[in-house]
Protein chains: 2
Amino acid sequence: MNEVAGAIADPVRREILLLLRDGRLSAGSIAGRFAISRPAVSRHLRVLRTAGLVHSEVVGRQRLYELRTEPLGDLARWLRGFDRDSAWSARMAALDTEVRRARRDRQARRTEDTA
Amino acid sequence: MNEVAGAIADPVRREILLLLRDGRLSAGSIAGRFAISRPAVSRHLRVLRTAGLVHSEVVGRQRLYELRTEPLGDLARWLRGFDRDSAWSARMAALDTEVRRARRDRQARRTEDTA
DNA sequence: GGGAAGTGTAACTGGTGAGTTACGCGTTTG
DNA sequence: CAAACGCGTAACTCACCAGTTACACTTCCC
């Protein structure tokens with residue numbers, strides 16, 4: 001959790017994750033998107049690797065990186081512990097209520113039709 | 001976003017947030033829960049203040065701290081950008097579909113009744 | 001009113017992080 | 001086969017962070 005939060009606390013690393021969301025990319029391709037030096041990006045990628053947020057694979061002389069979202073899910077779960085009064089939770093509750101009512105309506109209609 | 005993620009990247013600060021989830025606490029009360037020095041905790045509280053994750057209010061000689069969850073919500077929202085294939089998003093989509101169907105059914109029934 | 005309680009900050013210290021240039025290893029290409 | 005490509009890491013530098021002790025200010029209580 002420390003490592004994951006720490007990893008995304010840096011804007012470059014967040015941007016890298018967003019880039020990888022659309023599919024795997026080579027280290028060079030990623031580095032090319034930033035104004036900082038290649039080794040600097042390499043260092044960031046290493047942080048992400050260590051945190052389990054990306055997985056890399058050597059393909060010839062290229063190293064391809066792909067996203068791993070599980071650790072982000074863990075962080076999101078932790079954050080949900082603070083959602084007690086949030087609008088999001090309220091929306092979820094409202095949707096649940098509607099679904100339950102719809103099911104009851106549909107059940108009642110089915111009973112009338114068979115009677 | 002940097003500040004928030006950076007703030008929760010520390011276990012002490014995460015623990016402080018969890019403590020405050022149950023209600024406001026004085027600085028001293030918070031500090032008493034950790035083995036580190038009082039000024040160290042004070043420093044952590046300052047980071048949380050700066051990140052907008054807590055709000056403090058002087059009451060006499062005490063300083064009471066309370067949780068602010070909005071920034072955590074922002075982070076959670078950002079994390080949701082990585083939820084494309086998750087079971088959670090799929091459940092949300094299913095609920096939305098049901099709600100839309102229920103609304104259509106109800107609309108259709110209302111049209112029959114007035115006709 | 002004086003001393004205690006409560007708490008933030010300064011100054012210090014040692015460790016960590018993020019940028020850079022230089023280097024080196026493995027793969028690909030002409 | 002030699003040169004180019006791709007990329008990780010070492011070494012360096014400077015800035016930042018988190019712990020500590022010391023200090024100082026405000027409020028409370030006897």
Side-chain angles (χ1 to χ4, degrees), chain A residues 1-20 22-68 71-72 75, chain B residues 1-20 22-68 71-72 75:
Chain A
M1 183 85 87
N2 297 341
E3 282 192 307
V4 175
I8 64 173
D10 183 86
V12 172
R13 291 200 287 269
R14 281 206 300 282
E15 188 60 39
I16 290 172
L17 294 180
L18 290 173
L19 289 177
L20 291 176
D22 298 329
R24 35 162 73 187
L25 288 170
S26 70
S29 181
I30 294 169
R33 322 253 172 138
F34 297 94
I36 54 174
S37 67
R38 255 191 52 270
V41 176
S42 190
R43 189 182 277 278
H44 280 302
L45 287 169
R46 185 195 182 140
V47 172
L48 293 172
R49 268 197 328 267
T50 304
L53 290 165
V54 295
H55 172 72
S56 73
E57 178 185 14
V58 178
V59 180
R61 61 193 178 184
Q62 290 199 309
R63 189 178 281 269
L64 297 183
Y65 283 83
E66 63 188 13
L67 188 58
R68 280 286 129 95
L72 293 177
L75 182 55
Chain B
M1 184 83 82
N2 298 340
E3 284 193 305
V4 175
I8 64 173
D10 184 86
V12 171
R13 292 200 285 270
R14 280 204 304 279
E15 188 60 39
I16 291 173
L17 293 181
L18 290 174
L19 289 177
L20 290 176
D22 299 328
R24 38 159 75 185
L25 288 170
S26 70
S29 179
I30 293 170
R33 322 250 171 143
F34 296 94
I36 55 175
S37 67
R38 251 188 56 274
V41 175
S42 190
R43 190 181 275 279
H44 280 303
L45 287 169
R46 184 191 184 146
V47 172
L48 292 172
R49 263 194 336 262
T50 304
L53 289 165
V54 296
H55 173 71
S56 74
E57 175 185 19
V58 177
V59 180
R61 60 196 177 182
Q62 291 200 312
R63 188 178 282 268
L64 296 185
Y65 283 85
E66 63 186 12
L67 188 57
R68 280 286 131 95
L72 293 175
L75 182 54

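Here is the naming used below: chain letters follow the sequence lines, and residue numbers restart at 1 for every chain.
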Distance in angstrom units between [X] [atom1] and [N] [atom2], rounded:
X: A:Leu25; N: D:dC7; atom1: CG; atom2: C1'; value: 15 Å
X: B:Arg14; N: D:dA18; atom1: CZ; atom2: P; value: 12 Å
X: B:Glu57; N: C:dG8; atom1: CD; atom2: C1'; value: 17 Å
X: B:Arg63; N: D:dT26; atom1: CZ; atom2: C1'; value: 11 Å
X: A:Ile36; N: D:dT13; atom1: CD1; atom2: P; value: 21 Å
X: A:Ile30; N: D:dG6; atom1: CD1; atom2: P; value: 14 Å
X: A:Leu64; N: D:dC7; atom1: CG; atom2: C1'; value: 12 Å
X: A:Leu45; N: D:dG6; atom1: CG; atom2: P; value: 16 Å

Hey, could you give me the [atom1]/[atom2] distance between [X] and [Y], rounded to the nearest 0.5 Å?
X: A:Arg24; Y: A:Leu67; atom1: CZ; atom2: CG; result: 12.0 Å
X: B:Arg63; Y: B:Ser29; atom1: CZ; atom2: OG; result: 15.5 Å
X: B:Ile16; Y: B:Asp10; atom1: CD1; atom2: CG; result: 8.0 Å

Review point. In this structure, which one of B:Leu48, B:Leu25, B:Ile30, B:Leu19 forms a side-chain contact (heavy atoms from CB on, under 4.5 Å) with B:Tyr65?
Key: B:Ile30

Check your understanding: Between B:Met1 and B:Leu75, does a side chain to side chain contact (heavy atoms under 4.5 Å, CB included) hold up when you go through it step by step?
Key -> CA-CA 7 Å; B:Met1 184 83 82; B:Leu75 182 54; 3.7 Å; yes

Taking only N and O in the side chain of [X], is any of them less than 4.0 Å away from OP1 or OP2 of [N]?
X: A:Ser42; N: D:dC7; value: no
X: B:Arg46; N: C:dT9; value: yes
X: B:His44; N: D:dG19; value: yes
X: A:Tyr65; N: D:dG8; value: yes

Point to revise | Minimum-distance nucleotide to A:Asp10 side chain [options: D:dG19, D:dG8, C:dA18] | key: C:dA18

Study note, to complete from the structure: Among C:dG19, D:dC7, D:dA18, the one nearest any side-chain atom of A:Gln62 is D:dC7

Point to revise | Verdict with supporting geometry, B:Leu53 and B:Val47, side chain to side chain contact (heavy atoms under 4.5 Å, CB included) | key: CA-CA 9 Å; B:Leu53 289 165; B:Val47 172; over 6 Å; no

Check your understanding: Would you call B:Glu15-B:Arg33 a salt bridge at under 4.0 Å N-O?
Key ->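 B:Arg33 and B:Glu15: not salt-bridged.
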
Review point. Quick one: on DNA chain C, does A:Val12 or B:Ser26 contact a more 5' nucleotide (nearest heavy atom)?
Key: B:Ser26

Review point. Are the side chain of B:Arg13 and the backbone N or O of B:Ala7 linked by a donor-acceptor pair below 3.5 Å?
Key: yes

Review point. Does B:Ser42 use its side chain to pair, donor to acceptor, with the backbone of B:Arg38 at less than 3.5 Å?
Key: no

Revision key, fill the gap. Counting primed atoms, P, OP1 and OP2 as sugar-phosphate and everything else as base, the B/S/- map of nucleotides 21-27 of chain C against protein heavy atoms under 4.0 Å is BB---BB

Practice item. Would you work out how much the helix from C:dG1-D:dC30 to C:dG30-D:dC1 bends between its ends, with each end axis defined by five base pairs, to 10 degrees? Key: 10°

Review point. Would you say the side chain of B:Arg43 and the base of D:dG19 hold a donor-acceptor pair, judged only by whether the two atoms sit under 3.5 Å apart?
Key: yes

Point to revise | Partners passing side-chain hydrogen bond (donor to acceptor under 3.5 Å, both in side chains) against B:Arg14 (at least two apart in sequence or in another chain) | key: A:Asn2

